[in-house]
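Input: a single structure, listed below in structure tokens.
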Amino acid sequence: MLPGTTLLGGRAPWEMNWRQPSLAINAFQASSRKDARNIICESAWARVGIRTVPDMKEDEVGKLLAAALKKDPPFGVTVEVTPETTGGSWYTDGSAPAFAAAKKALRDGYGKEPVSIGCGGSIPFVEPFSRELGGAPALLIGVEDPYSNAHSENESLHLGDFRKATQSAIRFYAELVRATPH
């Protein structure tokens, strides 16, 4: 960022990106691409997602969003909300032995110091899975480079990164055995 840039929200960028709630419109359609023109469409739809954080109740947040969307629609507009799925947020302690084992394995596999970032805190299956395992810390490892285009229609993984990730995974299992009490 340029010197003197003021950040919105008063928080560090990593916190805004990974630890604060967010609302995203993932898709929107008012007409077909073929029929797109300067007209008023009879209907439209949007897929909206909310990232919840550990102090939020996802069912309550969904009800609040639905109420807000229905509260004051434009004249002649009816708003219908169809909830699809919810998933609990989670946050994990990175001091568990598995995290140290993963860092060593990734360092050995890639030949560089790994970078830990906080993301993925609203992946729906992680919180219940961790809870059912007695609160075991969730360790998620994403392998990508800037050209991976993660989650896009042209996502890819360089074969060299795939090889290094495979080597790191093998090393991780060995490190995990050494790092955990028997």
Side-chain angles (χ1 to χ4, degrees), residues 7 9-27 47-66 82-153 155-182:
L7 299 176
R11 298 176 189 260
W14 59 267
E15 184 176 353
M16 295 297 289
N17 284 339
W18 300 314
R19 290 201 185 150
Q20 293 300 307
S22 68
L23 179 100
I25 298 172
N26 303 91
R47 179 178 296 262
V48 179
I50 299 177
R51 178 179 57 210
T52 58
V53 294
D55 62 345
M56 298 172 79
K57 295 178 176 78
E58 59 273 3
D59 291 333
E60 183 180 318
V61 169
K63 288 175 186 171
L64 290 169
L65 175 62
T82 307
E84 291 186 357
T85 60
T86 61
S89 60
W90 58 275
Y91 182 76
T92 195
D93 178 10
S95 66
F99 288 80
K103 286 180 181 177
K104 182 173 184 338
L106 289 165
R107 185 181 316 112
D108 292 348
Y110 280 84
K112 295 182 179 184
E113 195 64 33
V115 177
S116 295
I117 61 172
C119 64
S122 60
I123 299 171
F125 70 86
V126 177
E127 184 272 332
F129 194 72
S130 177
R131 182 176 9 95
E132 290 299 317
L133 292 173
L139 170 64
L140 304 178
I141 299 173
V143 178
E144 59 188 69
D145 60 39
Y147 306 104
S148 295
N149 297 316
H151 301 296
S152 71
E153 68 279 355
E155 181 174 6
S156 66
L157 181 64
H158 186 277
L159 288 176
D161 286 334
F162 183 69
R163 181 180 50 78
K164 291 173 184 176
T166 303
Q167 292 171 343
S168 296
I170 293 166
R171 289 184 164 108
F172 172 64
Y173 297 124
E175 289 298 326
L176 194 55
V177 169
R178 285 193 277 277
T180 54
H182 303 305

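In this text, all values refer to a predicted model and were calculated from it rather than measured experimentally.
To the nearest 0.5 Å, atoms CG (Leu106) and CD (Glu175) are separated by 10.5 Å. For the atom pair His158 NE2 and Lys164 NZ, the distance stands at 8.5 Å (nearest 0.5 Å). Atom-to-atom distance recorded for Ser168:OG and Lys104:NZ is 11.0 Å, nearest 0.5 angstrom.
No side-chain heavy atom of Leu157 sits under 4.5 Å from any side-chain heavy atom of Tyr147. Here the side chains of Glu127 and Ser130 are not in contact, with every heavy-atom distance at 4.5 Å or above. Val143 places a side-chain heavy atom less than 4.5 Å from the side chain of Tyr110. Taking the side chain as every heavy atom from C-beta outward, Arg47 and Glu84 approach each other to under 4.5 Å. Side-chain atoms of Val48 and Asn26, non-hydrogen and from C-beta on, never get closer than 4.5 Å to each other. In this structure, the side chains of Pro137 and Asp93 stay at 4.5 Å or more apart for every pair of heavy atoms. Contact annotation: the side chain of Thr92 approaches that of Phe99 to within less than 4.5 Å [non-hydrogen atoms, C-beta and beyond]. For the pair Arg51/Ser22, a side-chain contact is recorded, criterion being any heavy-atom separation below 4.5 Å from C-beta on.
The two residues Ser116 and Lys103 come nearest to each other via the heavy atoms OG-CE, 3.2 Å. Residues Glu144 and Ala150 share a closest heavy-atom pair of OE1-CB, 3.5 Å. When all heavy atoms are compared, the tightest approach of Arg171 to Asp108 is CD-CB, 3.3 Å.
Surrounding CD1 of Ile25 are at most 12 heavy atoms belonging to other residues, nucleotides or ligands under 6.0 Å away. When the shell of 6.0 Å around CG of Leu23 is examined, it contains more than 12 heavy atoms from other residues, nucleotides or ligands.
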Which pairs would a plain distance check flag for residues 56-66, meaning a side-chain donor or acceptor within less than 3.5 Å of a matching protein atom at least two apart in sequence or in another chain?
none

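Partners of Glu113 according to the side-chain hydrogen bond (donor to acceptor under 3.5 Å, both in side chains) rule, which considers only residues two or more places apart in sequence or in another chain, are Arg107. Applying the side-chain hydrogen bond (donor to acceptor under 3.5 Å, both in side chains) criterion to Ser156, with sequence neighbours excluded, gives no partner residue.
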Test Leu139 against Phe172 for side chain to side chain contact (heavy atoms under 4.5 Å, CB included), laying out the working first.
CA-CA 12 Å; Leu139 170 64; Phe172 172 64; 3.7 Å; yes
